[in-house]
Structure formats: structure tokens, C-alpha cells
Amino acid sequence: MSSITIDTSASRKVRELLQFLLESGKIDAALTMRKIPENNSYDLGLITDAANLDEAVPIIPVMTVNAGQVLSSISTSGKKIAAVLKPCELRAFVELVKREQGSFENLLTISHTCGGVFSLDLVVAEKIEELLPKYEKIISKGEVPINTRDTCRACEHFIPMNADITVSVAGECESGKGCVMYLNTDKAEEFTEGFESERGELKFDPSALQKMLDTRLAEKEKLFASMTASGPGLDRLLDTFGKCVGCHGCNSVCPICYCLLCDFESANFDYNLPYFEEHLSRRGALRLPPDTIFFHLGRLTHMSFSCVGCGMCSDVCPVGIPVAAVFKKTGEKTAALFDYVPGRDVEESIPVMVYKEEELSDLG
Amino acid sequence: MKKEFTPRITSFLCKWCTYTGADLAGTARLQYPVSIIPIQVMCSSRVDPVFLIKAFLSGSDGVLIGGCHPGDCHYETGNYHARRRFAIVKSVFESLGLESDRLKLSWISASEGPKFARVANEYTEEIMKLGENPTRKSIFL
Amino acid sequence: MTDASLQGAVLPAAKEPGDAVLDFLRLAITKEVADAVILPMKVPSGDSYAWILMNDLSLLDDAVPIAATMAVQGAKALRSLTRRGPGNLTVIAVMRPCEIRAAIELTKLGQVHPDNLILATYDCPGAVQLQKYVDDPTGCEEHFAGMQQSGKPDDSAKPVCQICEDFSLFDSDIHFGYLGLSEKEVLVIPGSSRGSELLEKLGLTPARDLEGWEKGIDQLKADRVKARESAFEETEGQLRGFDGLLSVFANCIGCHNCQSACPICYCRLCYFDSETAEQNPDALITTASKRGGISLPEDRIMFHTGRMAHMSLSCVSCGQCSDACPVSIPVAGVFSFVADRTQRTFEYVAGRNDGDPLPLRQFRKSELPGVHELVKDADAEVPSHE
Ligand code: SF4
Ligand code: SF4
Ligand code: SF4
Ligand code: SF4
Ligand code: SF4
Ligand code: FES
């Protein structure tokens, strides 16, 4: 497999590639972050006309929506699409494909080593451009920027697991200096044929990112430890989720929760008045609407083993609950039972769809 | 005077094996505690994780799933799936620091009346040690 | 607003108006006039409130009837309790006027069954924005105490509170009036025959004239009406033209938090989340090709304008949508403005319990003359409402 040396900023090089792909008719559309024309903020765009690529900023530490989620609604169009995804967006899409919510067939995936994304607050405050140079410096040194999402700082899967093309932007190169595009698959070679660039045979070397990995693992340990610091489980749970307002924003932005109507919003959990009377007589009081903790525990058992730790859920929570940290922690532990890593391999079945006869012998 | 604590153990029992086993224990006059509140399900795989959580949050002191031994499920593979789902719920509980000992899975066949009585007694004792489920009185759930 | 014959009973308030409300509720439970009450209580982490249905008198001590912020819109609490029918419990719910108004709208929509509910309101000085409250509960409690003193929302309050005209007695069964009263007392004012009966059963006689209190409320109201006019003017300017709409919602990420926090949007599966509204992948790419590119997730403007069409007639301007928006879009400002216009078109006031059915559930043979004109001559200048 070959590599392409980047002589300009990584984002610009990817934009040039998208331009080439669109102009040569190799793809029909490109999915990429872009600058919003109306203000100084960013959104995800599906671009079909190369002339509109000027606004595209394929590599930017902003996630307004998990692109894996969006991709699931367009990937089966039969049209060829190149998608620029952050590693966790790609992993989320892999999880969705396993659930028959998308397809890789007509897709070229471009991903990059990821330094983490800024919180939405900073995006809304239009601070990104100002923060970017420093961010790039920090990640080029293999360090972890502090103003990124908490689960980003604690994410060890910042190297794309199965992208057709991997762009290195963290580690030794700085945007604009010495970054490389690695072509990982035949599909990548095929699509990039004819793209004018400086080719080489460089191999992706994760060791340049060892420092970043170590820092993040340490951050993860800290994050997880901070969550178990106080009191017994139920109290802690109530402390964390007690102020939840039940908007279910966490669920609606979660790429894994693809259900059109979530079980916890269904009529299954509407109650007749006797239900409330019974609880009232026993507890003397109960919260309305009911089932706050139930929703979170339920969602944890439904999907946490597939949680990719993208942090969307925390970022949209109007009361600042660290939803993603809880889901990431719980999910990792649960997935480990089945030696499962969400997004690692599209051929791997999700743990609830398969079983082994000899396993979990300590149960039952 | 402190009231004697009688635990409530919501028990989802598979119709073909464990529920029949419980029946057998009854007809054989084997003592098992009143704490067991049996709910018949067609197969252990009918038990959605959400059932366990709902029972737990509604104040059950223990939640038991009883099914056929691995390999004996009347729907062939139901209990293997049930076991995975149970493992997930248990792991979620553990990582949140909730009392996962309040959840139990047990394989009891139709002919194992004595085993049913034994599991019921032992589990009840275990739950007695844990005491009342704090979810029973909590108002912010 | 109130009719001249109306009078209120006087309750002393030990420290703050909420104390009088609590005394009232204690009395109602002790005398078995009500089976339970619904009130806000601080959540365990102490940085927000939750609605609690309670009948345990000892828990009442920890309740905060007039809470500084509105975490969950109260009408949603009432909906969860009575969606499937009224049941046998008599329950007194103490909520902000906009929460009760939303509950009245939900009643018209068949989502709340108020048969055994006694809806109580209080003079609302405004509600502190939820995100601010969560960040600094202590500071915000101070802000709120100040607002209760002055009767005026400060800048910690939701923007819609600054322009709310219906912050006092509106259409509830019982109203607790206190704004503008100098003494430590609260007026309990019956707003319906059900309310009068309740007072009677509790042995409370509404003997105090309301004139003094009403004068104070009217003054506060005048301020808010003025603020409302200028706020609407500004919103109208921002929204002008399609570009205006686009730029207000430019940062929208399509999470639909605004809709799920809204008390009026009760649909289990919103039309705009349903398969019917979803574009199939081919159509989406085709749309993108026509324009050279589109922003995703798709149809966000469609969602917002569609929601306006669906529910603005019932919008009570509670501001929950803005509080829930993760990207700080002034959703409530926009909806409140649009609601003002749509409700005016039908001379409808959301939340009024006067037997007036929802505008879209009835029609008159001759009405809305201007609408035909608009259709006939679409290019003509749109006549202004004033
Ligand atoms: S986003 Fe936050 S408030 Fe909304 S349901 Fe999730 S945890 Fe609760
Ligand atoms: S649970 Fe949260 S962090 Fe995990 S995949 Fe869903 S949105 Fe991302
Ligand atoms: S919590 Fe479960 S039912 Fe709800 S959307 Fe997620 S996976 Fe679906
Ligand atoms: S649209 Fe906004 S302001 Fe209007 S009722 Fe709904 S949440 Fe309240
Ligand atoms: S809450 Fe805000 S970001 Fe979410 S859909 Fe509504 S306006 Fe858009
Ligand atoms: S039938 Fe008994 S476990 Fe499936």
C-alpha cells in the first residue's frame, strides 16, 4: 500500500482529494465538515459540487453531530460517497452497519488520527478559529489538549481502526508540516489513482503516538476513578442522574441508539393511575414523570457495549450530566466480558446476537 | 420493635423447566420461602434486561431468572442468549456500584424440585443478609 | 384580569411566600381534602429540582413550592400522571402560571385528565435559566430571592419571563398572590368554583379585597408588556426573510431537545422523527445535487417551521425549549413571537380555560378574509398585523 506526503495543511490536502474525486466523477458526493456561511461556526455538509468545497474543512476538531449517525441515512443510496470521519464516527458507523443501518459498499472512508474535539459551547461561542493553532501545536507534540471533551481526553482509540485512508495529523507532524495520508486498502488505491501527489511507501507508525496514548490512558483512569469516588451505588447514581430532565437528548444524538421510537418512550412505560397510587402508598412520594433512572439503566444495558465514547450525549445534556463518561466506562467493562471492541471489525457480531456454549460459567 | 424482614424476590421462571421444578418442589412438600414471587415466562430468553431493571427499581429485594440447563432449552438456544443478557445487566450493575448480588440466574430443570427449594432458600438467606433494597423507599428514581 | 367581586383569604408567611403555600397544603392533607400534592423538591445533588408527587407530610418540609428554576415543565408531570385517565386521587399541583396554562392546553388535547386535579398557581417573578442554575445554585437562589422581592425578572431569568404578561392569576383553581404586598402574607384566591369549595372545606374565608395587590401586579405587567413589544420587534427583524430564519437556526444540530422539553409537543413519535418525514437516501443525494450541497442532518428548517405550524397555537411561552437547547438558540423567543401572531389570528389565548376549543378543531364559515387575498395574490405585500 502506498502513502501520500502532505505538503500543505492536512485539511487542505483532504479537500483537494475530495475535489479530485468529485471532479473526476469517482464519487457523487462528499461528506465533510464545513464552515457555516451564516456565522463563524461549523456543520456537517454533503457536497456534490466541487465548487462548493471551498467551505469544506475536512479535518477540524468539531463534532456537531456524530457523522456515523448521519452516514447511516445516506450510505445506502447507491451513489458513491467519500466520507471524512473521526475515528469514533467511523466506529459508530461500523456498529450501525452491524445493525443493518448502513453499508460500506459505495463508501470511501477517510479518517485521521484524532486529537479530540472541542466542546459544543466553544463552537457556539465561535472560539474555534482562535483556539486552533494552539490545538494543532499540542497534538503535534503528542499531547492532549485540555479544552476537548472529557471522553476525548480519555479515548485510546484515536487511531482509525479500519479506514480506507488514514491521515496522520497528530504525533510528529503539525498541520502543514510533514503529515501523511496512508492508503490502507485497494479501494483507497483505486480511488486515488490519478490524484496528483507525492507518493511513497511509508507505513503508519503508531509508536509516534505512544505519548498521547499513555496520557489518555492515564486520563481515562482518572475519569473513571472520579466517577466511583463517592458513596454507595444507588446514591451515586441518583447524584449523577437525579437532575436529569428526561429530554432524552442523550439518546437522540447517540449514533448507536438508532431506534425510531425508543422503548423508553413507548406506551410500554405509560402507567395507569393505580401504579402511582401503589408507589405513593409505599414510598410516600415519587418523582414525576417517573422512570428517570430506569431510562438510563435501560439504555446502558441496551447499547453501552457499543458505545464509542464520542461524547455527543454529554455535550447536548442541558443539565451537564457526564452521560458519556458513564456510558464509556460501563460499556468498556461490559464489552470486555465478550472480548468485544465496538467498531473494531464489521464482521464481528454484536454481543447480544451471538453466544458461545462454553462461556460465563460463573453465572447460573 | 423491628418488623421481621421478609424479602421479595421477583422470580422469572421458564415454563418448561424451572417453573415446573418449582411446582414439583411444592407437590413434594419441600419447604421453600414465601419470598419467592414466581412469574411464569415461556423461556428464560423472554426476560428482557428491562424486566430485571424494572423489578429492581420497583423495590424487589432480589430478582431471579430460572431457566433450563444449557443445551436443554426448549427453544434450543434461548438460555444462551438469556445468559449473555443477564451478564450484561450484571456488569452494568457492577460498574455502577449497584448491588449486583440482588440479581441471580439459575438453571433448574423440571425434575429438580429439591434444587429449586435449595436455591430458593439459599438465595433468600443471601438477600436477608443484604437487607431491604434501598430502591424500595427512594423517591427520586 | 380578575373580576371585581373576587376576594382572597389571607395566610401568614413565616419567612417567604412558599411557607404559606406549604401551610395551606399541610392543611389540605390533614383535613383530607386532598390525597396528595405535587411540588418541586431539590434533587439529591442539590443543583436542580424535580416534581414530586407526595402524601407524606414529613416530606413536605423539604419541598420548595416556589422554586427558582423550572427543570421539567410541570404540565409534563401532570401528563405522566393522568395521561391514561383521571383515577381516584385528588391531587393539588402547585405550579407556575405557564405550567398550568400548558396543562390546560394538554387537557384540550386529551393528554391531561384534570378531573381530580386542583391546579394552583402563584405570582411568578420569573424562572432562572436552568443551565445557569445548575452551574451556580447558591448564586441563583439569591437572584431568585431578589426577583421575588421586586417582582421583576433579572438577567438570570429566562428571556421569555421578561416579556411574560400572564405571570399571575390566570385560569387556575387556586392562586397564591404575594407580589407587591408589603406584609409577610399571602393571598389565597379562588379562581374557580372548585377552588372556592376547597377554601370552604379548609375553613378559609376569602374576605380581603384584592385591589391593592392587583394594582401592584398591573404595574409589573405594564413593564413586561413594554419589554414584550420591543423584544418582538427585534425578533421580527432577525427573522426577516428566509435568510433571517436560516441564520437564527444556523447552529441547530437537530437534536430535537427543544421539542422533547416542550410541554405541548406530546407526540410519542414526532412527525419530523418519523419514517414519513425521513427522506430516503437517493432523494437526499438528489436534493444535495440540485443545490451543490446540503447541511446535515437534513430538514432542520422544515422541523422548526413545521413545529411552529403544529403547535404554536398552544405555545405558552414557557421557555423550556431554549433552556434545553445545547447550542443556545433562542428557540423560545422565536416561538413566542410566532405564537403571538398565530394566536392573534384566531383570537385565541393558549391556556385559557374558557371552554374555547382549539382553533384548528373548529371553523366559522366566514372568517380569515385576509388569507384568501394572500393566496390570490401571493406576490402582494403581506399586510402587517398591527
Ligand atoms: S440529555 Fe441529560 S437531561 Fe436529557 S435525558 Fe439525557 S441525561 Fe437526562
Ligand atoms: S452513549 Fe454517548 S458517548 Fe457513547 S456512543 Fe452514544 S453518544 Fe457517543
Ligand atoms: S435505549 Fe434501547 S430502545 Fe432506546 S433507542 Fe437506545 S437501543 Fe433503542
Ligand atoms: S415552544 Fe417553547 S416556549 Fe412554547 S410551549 Fe413549547 S417549550 Fe414552551
Ligand atoms: S434544541 Fe436547539 S439544536 Fe436541538 S433541535 Fe432544537 S434548536 Fe436545534
Ligand atoms: S425454554 Fe427453558 S430456558 Fe428456554
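First the proteins, then the strands, lettered A, B, ... as listed; each starts at 1.
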Trainee: Check whether A:Ile36 gets within reach of chain C through its side chain, its backbone, both or neither, counting any heavy atom under 4.5 Å.
Mentor: side chain
Trainee: Need one label for A:Asp291: side chain, backbone, both or neither, based on atoms under 4.5 Å from any heavy atom in chain C.
Mentor: neither
Trainee: For C:Asn55, is it the side chain, the backbone, both or neither that has a heavy atom under 4.5 Å from a heavy atom of chain A?
Mentor: both
Trainee: Quick check for you: among C:Asp56, C:Asn251, C:Val72, which has the greatest number of heavy-atom pairs under 4.5 Å with chain A?
Mentor: C:Asn251
Trainee: Any side-chain to backbone donor/acceptor pair from A:Arg15 onto A:Pro58? Under 3.5 Å, distance only.
Mentor: no
Trainee: For chain A, find which of C:Ile253, C:Asn257, C:Leu53 contributes the most heavy-atom pairs closer than 4.5 angstrom.
Mentor: C:Leu53
Trainee: Do you know which of A:Ile81, A:Asn39, A:Val245, A:Ile47 has the most heavy-atom pairs with chain C at a distance under 4.5 angstrom?
Mentor: A:Val245
Trainee: Heavy-atom cut-off 4.5 Å, strictly under: side chain, backbone, both or neither for A:Val316 against chain C?
Mentor: both
Trainee: Under 4.5 Å heavy-atom distance to chain C, tell me which part of A:Ser252 shows up: side chain, backbone, both or neither.
Mentor: side chain
Trainee: Can you confirm whether C:Val160 sits close enough to C:Phe335 that some side-chain heavy atom of one is under 4.5 Å from a side-chain heavy atom of the other?
Mentor: no
Trainee: Taking the six-membered ring for Trp, are C:Tyr133 and C:Tyr49 closer than 6.0 Å centroid to centroid?
Mentor: yes
Trainee: Let's test your reading of the structure: which of A:Ala267, A:Ser281, A:Pro290 forms the most heavy-atom pairs below 4.5 Å with chain C?
Mentor: A:Ala267
Trainee: Counting only heavy atoms closer than 4.5 Å, note whether A:Asn272 contacts chain C via side chain, backbone, both or neither.
Mentor: both
Trainee: Strictly below 4.0 Å, N to O, side chains only: are A:Lys79 and C:Asp282 in salt-bridge contact?
Mentor: no
Trainee: Using 30° and 60° as the class limits, which term best fits the ring planes of A:Phe295 and A:Phe264: parallel, tilted or perpendicular?
Mentor: perpendicular
Trainee: Below 4.5 Å from any heavy atom of chain C, which atoms of A:Leu120 appear? Answer side chain, backbone, both or neither.
Mentor: side chain
Trainee: Heavy-atom distance under 4.5 Å to chain C: side chain of A:Leu53, backbone, both or neither?
Mentor: neither
Trainee: Considering only heavy atoms and a distance below 4.5 Å, find which of C:Asp273, C:Asp47, C:Asp323 pairs most often with chain A.
Mentor: C:Asp47
Trainee: If you count heavy-atom pairs under 4.5 Å with chain A, which of C:Ile38, C:Thr82, C:Leu59, C:Leu89 comes out on top?
Mentor: C:Leu89
Trainee: For the interface with chain C, which of A:Cys262, A:Ser73, A:Gly320, A:Gly78 has the highest count of heavy-atom pairs at distances below 4.5 Å?
Mentor: A:Ser73
Trainee: Check this for me: C:Arg291, atom CZ, are more than 12 non-hydrogen atoms of other residues, nucleotides or ligands nearer than 6.0 Å?
Mentor: no
Trainee: Please flag which part of C:Arg83 lies under 4.5 Å from any non-hydrogen atom of chain A: side chain, backbone, both or neither.
Mentor: side chain
Trainee: Could you check which of C:Gly87, C:Ala288, C:Pro297 has the highest count of heavy-atom pairs closer than 4.5 Å to chain A?
Mentor: C:Ala288
Trainee: Can you say whether A:Val253 sits under 4.5 Å from chain C via the side chain, the backbone, both, or neither, judging by heavy atoms?
Mentor: side chain
Trainee: Are the side chains of C:Leu39 and C:Leu22 in touch, meaning some heavy atoms are under 4.5 Å apart?
Mentor: yes
Trainee: First locate atom OG1 of A:Thr48, then atom CG of A:Asp28, and finally report the distance between them rounded to the nearest 0.5 Å.
Mentor: 9.0 Å
Trainee: Pick one of side chain, backbone, both or neither for A:Leu22, based on which atoms fall under 4.5 Å of a heavy atom in chain C.
Mentor: neither
Trainee: Go through A:Cys244, A:Ser41, A:Gly246 and name the one with the most non-hydrogen pairs under 4.5 angstrom from chain C.
Mentor: A:Ser41
Trainee: Do A:Arg299 and A:Phe327 meet the cation-pi criteria used here (NZ or CZ under 6.0 Å from the six-membered ring centre, within 45° of the axis)?
Mentor: yes
Trainee: Side-chain donor-acceptor pair under 3.5 Å between A:Gln69 and A:Tyr258, yes or no?
Mentor: no
Trainee: For C:Leu81, is it the side chain, the backbone, both or neither that has a heavy atom under 4.5 Å from a heavy atom of chain A?
Mentor: both
Trainee: Which answer fits A:Val70, side chain, backbone, both or neither, if we ask what part of it has an atom under 4.5 Å from a heavy atom of chain C?
Mentor: side chain
Trainee: Considering only NZ, NE, NH1 and NH2 on the basic side and carboxylate oxygens on the acidic side, decide whether A:Asp270 and C:Arg79 come within less than 4.0 Å.
Mentor: no
Trainee: Under 4.5 Å between any side-chain heavy atoms of C:Met54 and C:Val37, yes or no?
Mentor: yes
Trainee: Out of A:Cys247, A:Ser75, A:Ala50, A:Ala125, which one racks up the most heavy-atom pairs below 4.5 Å with chain C?
Mentor: A:Cys247
Trainee: Is the cationic atom of C:Arg307 (NZ for Lys, CZ for Arg) positioned less than 6.0 Å from the six-membered ring centroid of C:Phe272 and within 45 degrees of its normal?
Mentor: no
